[in-house]
Amino acid sequence: QTFRGDTVDIWVSGSPGTSEEVPSVTGLQLDVALSMLNEDGFTNILLRPATPDTLSAEEQVFKQNPSGDISVSTDTKIELWVCRTALGSYGADIAYNLDISAAQSVVTVTAVTGDGIETCIFETTLAAGNQQAVSFTAYLTQAGEYECRVYVDGVEVKEKSSIMTFTIK
């Protein structure tokens, strides 16, 4: 606990690598936003398709994290919430059994949809337990084989990564 007049030491640290200012891409179409981020050296991008409360244009970025105009390492994960009123016509049935050791953990499953780009296809919170089943049908806008990655609290569970084929559903 600190009190008025106390001296406080502040330590600032950062990620190794190149730092750049994140461009503000909120309100832009996804292809333009990705191009801007790529030009500035950001190659770790997570797309979060969603339908916002206030409808945006289809494929428009309506939220980003970190915010624009903040300097971060170019290997920082940039999250973009993208307006999609339909998740896509191409689906895959996906299932994993996960061991969760923390009291509660966020499980995120992504599909690698481009060079340095992952699209969130499923997210949930699980309580602690062994061999917990996570199964769902995921949808994308294009057919094909995609590497799917599983993250528990933001850390990739590499042994669960797999190639899934998305076909018309």
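The distance from the CG atom of L46 to the CG atom of L80 is 8.0 Å, given to the nearest 0.5 Å. The line from CD of E145 to OG1 of T165 is 4.0 Å long, rounded to the nearest 0.5 Å. In this structure, OG1 on T74 lies 10.0 Å from CG on N44, to the nearest 0.5 angstrom. One finds the NZ atom of K160 at 14.0 Å from the SG atom of C148 (value rounded to the nearest 0.5 Å). The CD1 atom of I117 sits 12.0 Å away from atom OG1 of T110, with the distance rounded to the nearest 0.5 Å. Here CH2 of W81 is found 8.5 Å from CZ of F62. Values are rounded to the nearest 0.5 Å.
Minimum heavy-atom separation, A92 to M164: CB-CB, 4.4 Å. The two residues R48 and C120 come nearest to each other via the heavy atoms NH1-SG, 3.8 Å. The two residues V22 and S67 make their nearest non-hydrogen contact at CB-O, 3.9 Å. Annotation for L28 and S24: closest pair CD1-O, 4.1 Å, computed over non-hydrogen atoms. What you find for P52 and C83 is that their closest heavy atoms are CD-SG, 3.8 Å.
Within the 3.5 Å criterion, the main-chain N or O of R84 finds a donor-acceptor partner in the side chain of T51. With D6 contributing its side chain and F3 its backbone, the two residues share a donor-acceptor pair below 3.5 Å. Counting only distance, with no hydrogens or angles, the side chain of D99 and the backbone of Q131 share a donor-acceptor pair below 3.5 Å. Of the possible donor and acceptor atoms, none in the side chain of E39 sits under 3.5 Å from a partner among the backbone N and O of M36. In terms of modelled atom types and a separation under 3.5 Å, the side chain of Q132 and the main chain of Y96 share no donor-acceptor contact. Without hydrogens or angle criteria, E118 side chain to A111 main chain gives no donor-acceptor distance under 3.5 Å. The backbone N or O of E58 lies less than 3.5 Å from a partner atom in the side chain of Q29, making a donor-acceptor pair.
Residues L87 and V82 are members of separate hydrophobic clusters, defined by side-chain heavy-atom contacts under 4.5 angstrom among Ile, Leu, Val, Met, Phe, Trp and Tyr. Under the 4.5 Å side-chain heavy-atom criterion for ILVMFWY residues, a single connected hydrophobic cluster contains both V134 and V157. Grouping the Ile, Leu, Val, Met, Phe, Trp and Tyr side chains by contacts below 4.5 angstrom, directly or via other members, places L140 apart from L47. Residues V106 and V150 do not share a hydrophobic cluster, clusters being chains of Ile/Leu/Val/Met/Phe/Trp/Tyr side chains in contact below 4.5 Å. F122 is connected to L126 through a chain of hydrophobic side-chain contacts under 4.5 Å among Ile, Leu, Val, Met, Phe, Trp and Tyr, so both are in one cluster.
Considering only residues two or more places apart in sequence or on other chains, Y139 meets the ring-ring contact (aromatic ring centres under 6.0 Å, His included) condition with none of them.
The shortest side-chain heavy-atom distance between S161 and E147 falls under the 4.5 Å cut-off. Taking the side chain as every heavy atom from C-beta outward, I121 and F136 approach each other to under 4.5 Å. In this structure, the side chains of E21 and D40 stay at 4.5 Å or more apart for every pair of heavy atoms.
Cation-pi geometry between K77 and Y151 is met: the NZ or CZ atom falls under 6.0 Å from the ring centre, inside 45° of the normal.
One finds no salt bridge joining E79 and K63 here, because no Lys/Arg side-chain nitrogen approaches an Asp/Glu carboxylate oxygen to under 4.0 Å.
Between F166 and Y146, the ring-plane angle classifies as perpendicular under the 30° and 60° cut-offs.
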For this session: Determine, step by step, whether I45 and L34 satisfy the side-chain contact (heavy atoms from CB on, under 4.5 Å) criterion, reporting the C-alpha distance in whole Å, the side-chain angles of both residues, the deciding distance to 0.1 Å, and the verdict.
Result: CA-CA 8 Å; I45 299 167; L34 291 174; 3.9 Å; yes

For this session: Go through I100 and S105 one step at a time and tell me if the side-chain contact (heavy atoms from CB on, under 4.5 Å) criterion holds.
Result: CA-CA 7 Å; I100 304 296; S105 292; 3.5 Å; yes

Problem set entry | Derivation and outcome, side-chain contact (heavy atoms from CB on, under 4.5 Å), residues S135 and I94 | CA-CA 6 Å; S135 97; I94 299 173; over 6 Å; no

For this session: For side-chain contact (heavy atoms from CB on, under 4.5 Å), just list the numbers for E20 and V72, CA-CA rounded to whole Å, side-chain angles, deciding distance to a tenth of an Å, and then say yes or no.
Result: CA-CA 6 Å; E20 280 292 331; V72 298; over 6 Å; no

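With a 6.0 Å radius and a threshold of 12 heavy atoms from other residues, nucleotides or ligands, D53 has its CG atom at or below the threshold. The environment of CG in D69 is crowded: more than 12 heavy-atom neighbours from other residues, nucleotides or ligands sit within 6.0 Å.
Side-chain contact of S19 with S71: a donor-acceptor pair under 3.5 Å is absent, judged by distance alone. A donor-acceptor contact under 3.5 angstrom links the side chains of T108 and E123, judged on distance only.
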